[in-house]
Structures are given as structure tokens and as C-alpha cells.
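This structure is a prediction, so every number in the text was calculated from the model and none was measured.
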Amino acid sequence: MPDPTLTTRRPPLGLAALAPFEHAVFRVLWLTWLMANVSMWMNDVAAAWLMTSLAPSPVWVALVQTAATLPVFLLGLPSGALADTLDRRRYFLGTQVWIALVALTICTVVLLDAMTPSLLLALVFANGIGLAMRWPVFAAIVPELVPRQQLPQALALNGVSMNASRIIGPLLAGAIIAALGSAWVFLLNAVLACVSAVIIWRWKREHTPSPLGREPFFSALRVGWQYVAQSPRLRVVYLHIALFFFHSTALMALLPLLALRMEGGNAATFTLLLATMGSGAIVSAMLLPRLRQNVTRDTVVWWGSALQALAMALVAFLPSLVWSVPAMFLAGMAWIATANSLSVSAQMSLPDWVRARGMSVYQMAIMGGAAAGAAFWGQVASWTDVHWSVGIAALSGITAVTLAQRWFKERGLIEDLTPAKAWSPPTADSTPPPGRIVVCIHYHIDPARADDFRALMQESRRSRLRMGALGWELWQDIGDPGHFVECITDENWNEHLRRFDRVTASDVALRERKLAFHLGETPPVVTRYVV
């Protein structure tokens, strides 16, 4: 077994897309992620195919996708909060143990011939809980493994892992189902999860706890959600990814039924279509570094959505392998190009201290869109037809992305989120008593510039709240219009100190812009009170 602690560097690989493989720990954890994703796809394929025999209606088959993705939507932010506050290696290890136990349970139930449609959905949901807990922690770990300039390539390689598993997983699942039965697919899933757990256990990552102690769980939830709410750039990214997956998931959710209704359609047809889609995604990931140099992110997202819609229409209305195989290849290329472009934007908009929480919300947007889309388009298929449902999803998908790009745009420059120890935390003769901390910063400015100062202070408001402040207000002195007081409320003294660990280069630059308004030779007066 490779040793994840190796730090020696190999000569450059030459291909920019493969540059992250120069780093030994990234290689090992990438292989672990590949095994985890193979297990996930095997589980999804076996569960979807098993449901076609238990309850072959479009609604039940589509609900398998909903059950698999809904836990990520429901538990995404709590799992991100845990990943940001606990030892990420141990947490990652625990998720693999959970997935192994669920896979063994499903295997046992199938061997006992006790599986029902409702029980299958419940167990798929339980497996989804493991996925919900696993994804944010891995997303937060990746930026630790490669230099920042290689992060887009690393994320693309994660997409390659996902889509290589889209080929390997269905092929393995299809072969095992045909030869031995579905139960043995779930048994292999458990074995792969255990192997992944052993590799993670051997990874010698050093966890550095905060001197302030672990951030309280509910406070971490609040701060994570607050960071997203106060970041216009992140909100736009999450909206785009949710819209894309709400519509594109119609193809994946109904693909078992589309495969069955093709001439000679069977499990092998379903497996072939999934494998072809995975192949397209891998090819697309290799081309992404050059593509990013020549076109903007919005252009990639729009064309990705357009190609996805075209592929869905071809599979829906020309249901033969002659058309469906190249269409699924095109869908795979479109999927990875769109998802990777939005994932890079999200990662670049998050500092490390809140990365798992921010990426968990990103995953919530994906899985929430996918879960809602699977249920919705499954219902549309029951009202109309499977082919028409996928076709309508294709048309509405490209329409929604076009309108979203027109109405919701990212504004402002990308912030420099490099940690900056620019300000020393305050000290007190004794620990303040329990209660909220109110910080008041007194500015004296030219009253003629008051409107510009207020506009800048709105940026200050977003910055303070993103760092975890409980509240923010700006007061203006009625008797002295040039006297403004910025008031920031923190949950307690410990959380007040924690904000100083979260300062970035962008926050320092914002402070300098505020100080440019201040009149006088001395800096603004700062006072602190306990409520």
C-alpha cells in the first residue's frame, strides 16, 4: 500500500491537467476518492436496477435518485460544520465506516429476500447520509494538498475520478448483477469502503486545534450559513449549479427506463450509456485547462448547459444506441465542464476556515436540485411519458440558465482570501463575564462624503458578518453629522477573539479604504462592552 506521508516530488508531468499528481498525498487520496466513487456508482446502479424489478413505475425508479441525493441536501451544512471543527482525517475515516455498514445491511436484506421498495429507499437514504458527511470534508481537504494555482486542475481530476467511477462502477455492477446478483454488488461496496478507510487511517495528517478551542456546533452552523448569505459571488454560483442539476438530473433519474425502452434494452444497455457518459467527462476534464485560458466561466457554463440540453433531447427523441451513445458522451463532456467551472468559482471564494461549510452548501445546491429534479421529472413522466419528460427538462434547462446569467451576475473583483495576521487580538486584565460583546469604532469624516462612506460601510457589514459577527449597525451622530459609529456584536468574548483569526488580505485592504475617510492624526477610537 502506498505511504501517504511521502513528500518527494516527481519531475513535472508535462500535461497541465495532470500536474496535481506530482504531489504524493494528492495521488493517494485521489485513488481513495476513486474507490469511494466506484462504490457510490455501483450502489446507485444496483439500487436503481433492483427497483425496476420491485416496482417498475417511473415514480419509484426516479425516487431512488431522490433518496440517494436528499441526505446531502438535508445534512450538508451540519456535515460541513463538523468537517471545519473536527479532525478532518478522523471524520473522513468515520464516513467510510458508516458506508461499509450500510452496504453490508443492504447485502444481508437482499440475500434474505426481504427487500421491498420502501425499505430499499430507506437504505439508499442511509447510504446517502454517508455521502453527505463525506463530500464536504474531502472538498475541504483538496486545497491542502496542492498549490493554489493547481486547484482548478485538482478539482477537474476529482471530476475525472467521479466519471472514471461512472465507467468502472456500472461495468462492475452490471457484470456482478448478471453473474451473481445484486447482493454481491453491495458486498463489494462494503469491501471498497473498508479499503478506503484503511488508506485514510494511514494518512499522517497533523490536526492543529485552535487555541480558542473547538468552535461550538450551532455557532459553526450559523457562521457557515452567514458566510454564504453575505457573499453575493457564492450565491450566484449556488443558484447556477442548482438550476443545472435540477434539469440535467432528469436524464440520470430516468435513464434506467430509457435504456429498457430501447431495442433490446437491458442492464447492459444501461451500463453502456453510463460508461459512455463517464468517458465524455474524462475527455472534457483533460481539455479544461486550455478551455479556461480562452473563455470566461459564464461562457463555459452556458455552452455546457446547451450541450447537456442537446444530449438529453437526442436520448429522449432518438432512443437508439446509434444516437444515444454519442449523446451520452456529449452529456458527460457538458456535465464536467459546467460542474468544474462552478466548483472552482466556489472554492476560490472561500477561505480555509469555512471551506467545508461553504462547499457543503454548494453540494446542498447540487443535491437539492438533483433530488427535487428527480422527483419532479419522474412525476412529469408519469403524467406524460419518459421521453417527453426528459425532452421538456432539456428545453427548460437551457432557458433557466440563460435567464439566470442575464438576471444574476457576479459583481466585484475576486477577493484575496489569503490569511492575514494584521491585527493583534485585544487583551483584558481578566476574562470578561458571560454575555455578548459589542465593539464600537468611532469615525470622524467629512460630512460631504457621508454617502460614499455609507456605501463602503455596507461592504464592511458583509465582511464582519462573514467573519462571524452576530450583528452590525452604523450610527450617525445627529449633533455631529461627520461622526459615525460602527457597532459589531459578537456572541461572546471567545467568538470575538475568533474573528481575529479569520482576517484575510481583502479585509485588511477594506480597512485601509475605511481609514482613508477618517480625519485626524489618530486612528478611530475603539471601545468594547459586554452586554
*Asks:* Indicate whether any N or O donor in one side chain lies under 3.5 Å from an N or O acceptor in the other, for E486 and W475.
*Replies:* no

*Asks:* Checking side-chain polar atoms at under 3.5 Å, does Q230 have a donor or acceptor matched by the opposite partner on R464?
*Replies:* no

*Asks:* Please confirm whether R134 makes a cation-pi placement over F92, using NZ or CZ under 6.0 Å from the six-membered ring centre and within 45° of the ring normal.
*Replies:* no

*Asks:* In residues 502-509, what donor-acceptor pairs under 3.5 Å come from side-chain atoms, sequence neighbours left out?
*Replies:*
{"residue": "R502", "atom": "NH1", "partner": "M467", "partner atom": "O", "Å": "2.7"}
{"residue": "R502", "atom": "NH2", "partner": "E215", "partner atom": "OE1", "Å": "3.2"}
{"residue": "R502", "atom": "NH2", "partner": "E215", "partner atom": "OE2", "Å": "3.1"}
{"residue": "T504", "atom": "OG1", "partner": "S506", "partner atom": "N", "Å": "3.4"}
{"residue": "T504", "atom": "OG1", "partner": "D507", "partner atom": "N", "Å": "3.3"}
{"residue": "T504", "atom": "OG1", "partner": "D507", "partner atom": "OD2", "Å": "3.0"}
{"residue": "D507", "atom": "OD1", "partner": "S463", "partner atom": "OG", "Å": "2.7"}
{"residue": "D507", "atom": "OD2", "partner": "T504", "partner atom": "N", "Å": "3.0"}

*Asks:* Is it true that R27 and E22 have a side-chain N and a carboxylate O under 4.0 angstrom from each other?
*Replies:* no

*Asks:* Does the distance from a Lys or Arg side-chain N to an Asp or Glu carboxylate O, for D451 and R454, drop under 4.0 Å?
*Replies:* yes

*Asks:* Do W302 and T402 meet the criterion of a side-chain donor-acceptor pair at a distance under 3.5 Å?
*Replies:* yes

*Asks:* Between H442 and H483, do the side chains contain an N or O donor and an N or O acceptor separated by less than 3.5 Å?
*Replies:* yes

*Asks:* Given D490, which partner from the list R498, R436, R499, R222 fulfils the salt bridge (charged side-chain N to carboxylate O under 4.0 Å, His left out) test?
*Replies:* R499

*Asks:* Please report the C-alpha distance between D352 and R357 in whole Å, then the side-chain angles of each, then the deciding distance to 0.1 Å, and finally whether the salt bridge (Lys or Arg N to Asp or Glu O under 4.0 Å) criterion is met.
*Replies:* CA-CA 10 Å; D352 187 65; R357 280 167 281 185; over 6 Å; no

*Asks:* Once you measure the plane-to-plane angle for Y238 and Y362, does it fall in the parallel (<30°), tilted (30-60°) or perpendicular (>60°) bin?
*Replies:* tilted

*Asks:* With a 4.0 Å cut-off, would you call R513 and E459 a salt bridge?
*Replies:* yes

*Asks:* Measure the spacing between CG of L234 and CG of L239 and express it to the nearest 0.5 Å.
*Replies:* 12.5 Å

*Asks:* Surrounding CZ of R90 (heavy atoms of other residues, nucleotides or ligands, distance under 6.0 Å), is the total greater than 12?
*Replies:* no

*Asks:* Hey, are R355 and D84 close enough for a salt bridge, meaning a charged N less than 4.0 Å from a carboxylate O?
*Replies:* no

*Asks:* Would you tell me whether S219 and E491 have side-chain atoms, one donor and one acceptor, within less than 3.5 Å of each other?
*Replies:* yes

*Asks:* With a cut-off of 6.0 Å (strictly less than), are more than 12 heavy atoms of other residues, nucleotides or ligands near CG of L519?
*Replies:* yes

*Asks:* Hey, would you say the F484 and Y443 ring centroids sit under 6.0 Å apart?
*Replies:* no

*Asks:* Taking side chain as C-beta onward, heavy atoms only, is W203 less than 4.5 Å from I199?
*Replies:* no

*Asks:* Indicate every side-chain donor-acceptor pair of residues 522-531 with a distance under 3.5 Å to a residue at least two apart or in another chain.
*Replies:*
{"residue": "T527", "atom": "OG1", "partner": "Y529", "partner atom": "OH", "Å": "3.4"}
{"residue": "R528", "atom": "NE", "partner": "H496", "partner atom": "NE2", "Å": "3.0"}

*Asks:* Are the side chain of H247 and the backbone N or O of L243 linked by a donor-acceptor pair below 3.5 Å?
*Replies:* yes

*Asks:* Less than 4.5 Å apart, any side-chain heavy atom of L82 and any of M133?
*Replies:* yes

*Asks:* Please state whether the rings of Y227 and W353 are parallel, tilted or perpendicular, taking 30° and 60° as the class boundaries.
*Replies:* perpendicular

*Asks:* So does W33 get a backbone contact from the side chain of N37, meaning a donor-acceptor N/O pair under 3.5 Å?
*Replies:* yes

*Asks:* Side chains of P426 and L497, heavy atoms from C-beta outward: is any pair under 4.5 Å?
*Replies:* yes

